[in-house]
Structures are given as C-alpha cells and as structure tokens.
Amino acid sequence: MEIVVSGIRPTGNLHLGNYFGAIRNFVKMQENNNCFFFIADYHSLTTHPTPADLHGSVKRVLVDYLAAGIDPEKVTLYLQSDIPETAELYLFLNMNAYMGELERCTSFKDKARSQPENINAGLLTYPTLMAADIIIHKATKVPVGKDQEQHLEMTRTFANRFNRLYHVDYFPEPVAYNFGEELVKIPGLDGSTKMGKSEGEGNAIFLSDTPEAIKKKVMKAVTDAGPTEPNQEKPQPILNLFNLMNVVSKPETVAHFEALYNSCQIRYGDLKKQLAQDMIDFTAPFRERIAELSANDAYLRKVVNMGAEKAHESAARTVRDVREIIGFKVF
Ligand code: TRP
C-alpha cells in the first residue's frame, strides 16, 4: 500500500476545475492507499493573513473537501498546525538545506517578484517545510501537478541528504502520483483555456455558488457572433462552452447543440441556459453538503481532532526516530 501525502493550500473555494482536476482523483485514491491530506495553514502564513482570514479560509477548504467526498474515516484529514512535529522536522531539515538551492527555487523567485515588500524566511524555506510535510509520514507518493514538481524534487534531495549524512536508509524517495489520462482540464467561462480563481471574477464556477450566481456567470460567458458556415471549427470560447457541457450535461444534450452549431442554427442564449441548468443540477449535492457542514462546527471539530490524532501517531514516530538518528540522547 502506498503512503500518499498531499497538502491543500487554504485559498478560496473549490471550483469545478479543482474538482475535475484533482479532488475527484483524491476521492478515488482514498479507497486503496494510506492517505494523509492536510490543510497547509503553516505555509499560508508566508502571505501574512489576518487571524480572522486564517480561520475562515481553513474552514472553507475543510468544508469543501468533505463536501467533495473526502472521507475522514478513510483518510487522515488534518490541519498542518495541529502537528507541531512537522515544525521540528522542518527545523532539522533546514540545517542541511543550502541558501543557494533555496534561492534558485522557481516558486521563491516568483514570490520574491510578486511580493517584494515581504520576502520572508518562510518563503525561502517553503520547500523544506513541504519536504517535512511529506517525509514525516515517510510518503512514497505525492499527488501534485506540474507546478509542484520542483518542490518534490527538492524533497527527494533533502530526504536523500539526510540518509547519506547519517548513513541510514530511513526516508523513502517520494514520487509524483501520476493521473495521466484521468486528468480533465476544465476551461474558464471568459474564453481562457483554464478555470481558475486568479483569472478573474466570472471565470470559475465554485461548488458553493448559488444557482443565481451560476446562472449569472454562465449567461455572461464569452461567445461570438455564431458560425457562418456548416461544420465550422469552433473558436476557443465556444469550444470551452461545449467542453463544460461535456462534463455536466447528458450526451444527448451535447449532441443536440453540436447539431445546431454544425447547421448554423445555434442560439448561444439557449445553450447557456441549458448549460447553467445542468451546472446547477451537477453542483446541487455539493452545495447542500457545504451548507450542512458549514453549520456543523461540532462535526468539523470531531473531524480535525480525529485527523490530528492519526497524523500525530505517524509524525511522532518519525520525529522520535529522527532525533535518535541525529544523536539526541536521553540522559
Ligand atoms: N505547495 C503545495 C501547493 O502550493 C501545497 C503543499 C504544502 C503540499 N505541503 C505539501 C502539496 C505537501 C503536497 C505535499 O499546492
């Protein structure tokens, strides 16, 4: 059985792009792996959230992940800050992480550029904290996208370095969990090829959106004047609408609008109305669970306590071993 670790940044609500891109695979993965999923609230401090924002965004992602089907009985779902052993392992790893390699990291350079007024040490050592998250459970697989590959490479470097330095074979080398074909890319409503929250208001449909909000966003989606010749190739914004329809609508519905497009009889208003309705239906169960969970702090507390207990067991074992390997001895 693989040991899988993944961190979730507490930034905003989940949208359909997140759901089809990663979360659906997390839900599948939980069936036959030992999964540790945590909310990376230590990491989020690099951007200096206010106390109120911090709790709110942690709660939001917790609720969204539970609503999307992550089962706290099957996985270890926890808050990073509930396991201070992570901070201790991070400290140890930092002793063998070098300025040069940390400064060369692409995500650090990007952050230093985008927040020049706040280039803190937490940003520089983001990769050692992420490595600690992963190797604290001796993970073998990490389900991350392309943007995290360099961090994962650094994790392997730090794990190997520890093994070499202390002449042990303690930490395994974690590799990316590759979904290959299963990754579905969801386009945005603004004509861009990617649904994302940083692409601007109206581009993304969130699992928590109200039916009215969904209708409004879909009706505003970018289109064009319509096809002028039969079987014309679809420009990107139109292709996007069909691709979105492909994931939320019935095949007959898609075929119906394809035929109208190909015979130049399509009315985008009709297509959008149908797409909005199918999105509202698709997201309804998520929306209901999000509303229920958000109002049930007692249950959420139970979930994080259970997660903390399970994560602690695994993390404490590793840190105990690591202390011994490093040479800390009890008198
Ligand atoms: N860096 C990851 C991201 O930006 C979040 C993260 C933190 C993570 N620790 C991790 C992912 C450990 C996987 C494993 O999305």
Side-chain angles (χ1 to χ4, degrees), residues 2-15 17-19 21-23 25-26 29-30 33-47 49 54 57-58 60-62 64-65 68 70 75-91 93-94 97 102 105-112 114-115 120 122-159 171-179 183 194-198 307 311 314-315 318:
E2 302 282 358
I3 301 177
V4 178
V5 169
S6 193
I8 302 151
R9 264 176 302 157
T11 51
N13 291 105
L14 287 182
H15 51 67
N18 302 131
Y19 180 72
I23 316 306
N25 293 313
F26 281 27
M29 234 162 17
Q30 69 187 356
N33 295 284
N34 183 9
C35 295
F36 292 85
F37 297 142
F38 66 92
I39 298 172
D41 53 358
Y42 277 154
H43 270 117
S44 74
L45 299 182
T46 54
T47 56
L54 180 60
S57 47
V58 167
R60 221 160 26 237
V61 280
L62 177 65
D64 276 9
Y65 271 73
I70 298 292
V75 309
T76 302
L77 179 62
Y78 67 102
L79 310 187
Q80 186 184 29
S81 62
D82 274 342
I83 309 300
E85 287 86 353
T86 303
E88 187 174 353
L89 184 58
Y90 165 62
L91 180 150
L93 294 180
N94 272 334
L102 294 171
C105 182
T106 312
S107 66
F108 174 69
K109 288 195 280 191
D110 288 348
K111 278 283 180 193
S114 68
Q115 51 181 71
N120 58 63
L123 276 183
L124 182 70
T125 56
Y126 188 107
T128 44
L129 181 54
M130 178 158 162
D133 293 329
I134 296 169
I135 69 177
I136 203 156
H137 303 300
K138 303 178 91 174
T140 48
K141 290 265 165 47
V142 183
V144 288
K146 274 245 166 309
D147 63 322
Q148 297 296 316
E149 229 137 68
Q150 193 180 26
H151 288 153
L152 197 52
E153 184 64 47
M154 292 172 84
T155 301
R156 285 191 287 270
T157 301
F158 298 141
F171 288 119
E173 272 196 37
V175 296
Y177 201 119
N178 214 330
F179 298 113
L183 275 191
K194 190 169 172 258
M195 184 174 280
K197 49 187 158 266
S198 50
S314 148
T318 304

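Counting starts at 1 for both ligands and their atoms, in listed order.
- Considering both main-chain and side-chain atoms, His151 never comes within under 3.5 Å of ligand 1 through any nitrogen or oxygen pair.
- Test Thr157, Val175, Val144 against Leu152 for side chain to side chain contact (heavy atoms under 4.5 Å, CB included) and you get one pass: Val144.
- Taking a cut-off of under 4.0 Å to the non-hydrogen atoms of Val144, the atoms of ligand 1 that pass are 11 (C), 13 (C).
- What sits closest to atom 2 (C) of ligand 1 on the protein, heavy atoms only, is Gln148 OE1, 3.4 Å.
- Of the possible polar contacts, one joining the Gln150 side chain to the Thr106 backbone as a donor-acceptor pair under 3.5 Å is found.
- The contact set between ligand 1 and Phe38, taken as ligand atoms under 4.0 Å from a residue heavy atom, comprises 9 (N), 10 (C), 12 (C).
- In terms of modelled atom types and a separation under 3.5 Å, the side chain of Asn18 and the main chain of His15 share a donor-acceptor contact.
- Of all protein heavy atoms, the one closest to atom 9 (N) of ligand 1 is Asp133 OD2, 2.8 Å.
- Within ligand 1, the atoms closer than 4.0 Å to a non-hydrogen atom of His43 are 7 (C), 9 (N), numbered from 1 in the order shown.
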*Kindly indicate, with the supporting measurements, whether the criterion ring pair (Phe, Tyr, Trp, His ring centres under 6.0 Å) is fulfilled by Phe37 and Tyr65.*
CA-CA 10 Å; Phe37 297 142; Tyr65 271 73; 7.7 Å; no
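- For ligand 1, the atoms lying closer than 4.0 Å to a non-hydrogen atom of Tyr126 are 1 (N), 2 (C), 3 (C), 4 (O), 5 (C).
- Of the protein's non-hydrogen atoms, Gly7 N, 3.3 Å is the one closest to atom 13 (C) of ligand 1.
- At a heavy-atom distance under 4.0 Å, no atom of Gln80 approaches ligand 1.
- When side chains are defined from C-beta on, Val75 counts as touching Ile70, because their heavy atoms get closer than 4.5 Å.
- The distance from ligand 1 to the heavy atoms of Ile134 drops below 4.0 Å at these ligand atoms: 12 (C), 14 (C).
- Only the side chain of Val142 comes within 4.0 Å of ligand 1, counting heavy atoms alone; its backbone N, CA, C and O stay farther away.
- Contacts of Tyr177 with ligand 1, taken as heavy-atom pairs under 4.0 Å, are absent altogether.
- Under a 3.5 Å cut-off, the side chain of Gln80 and the backbone N or O of Tyr42 do form a donor-acceptor pair.
- In terms of modelled atom types and a separation under 3.5 Å, the side chain of Asp41 and the main chain of Ser81 share a donor-acceptor contact.
- The backbone N or O of Ile3 lies less than 3.5 Å from a partner atom in the side chain of Thr140, making a donor-acceptor pair.
- The residue Ile8 has no part lying near ligand 1, judged by heavy-atom distances below 4.0 Å.
- Given atom 4 (O) of ligand 1, the protein heavy atom at minimum distance is Arg9 NE, 2.7 Å.
- Relative ring orientation between Phe36 and His137 is described as parallel, the plane-to-plane angle staying below 30° on a 0-90° scale split at 30° and 60°.
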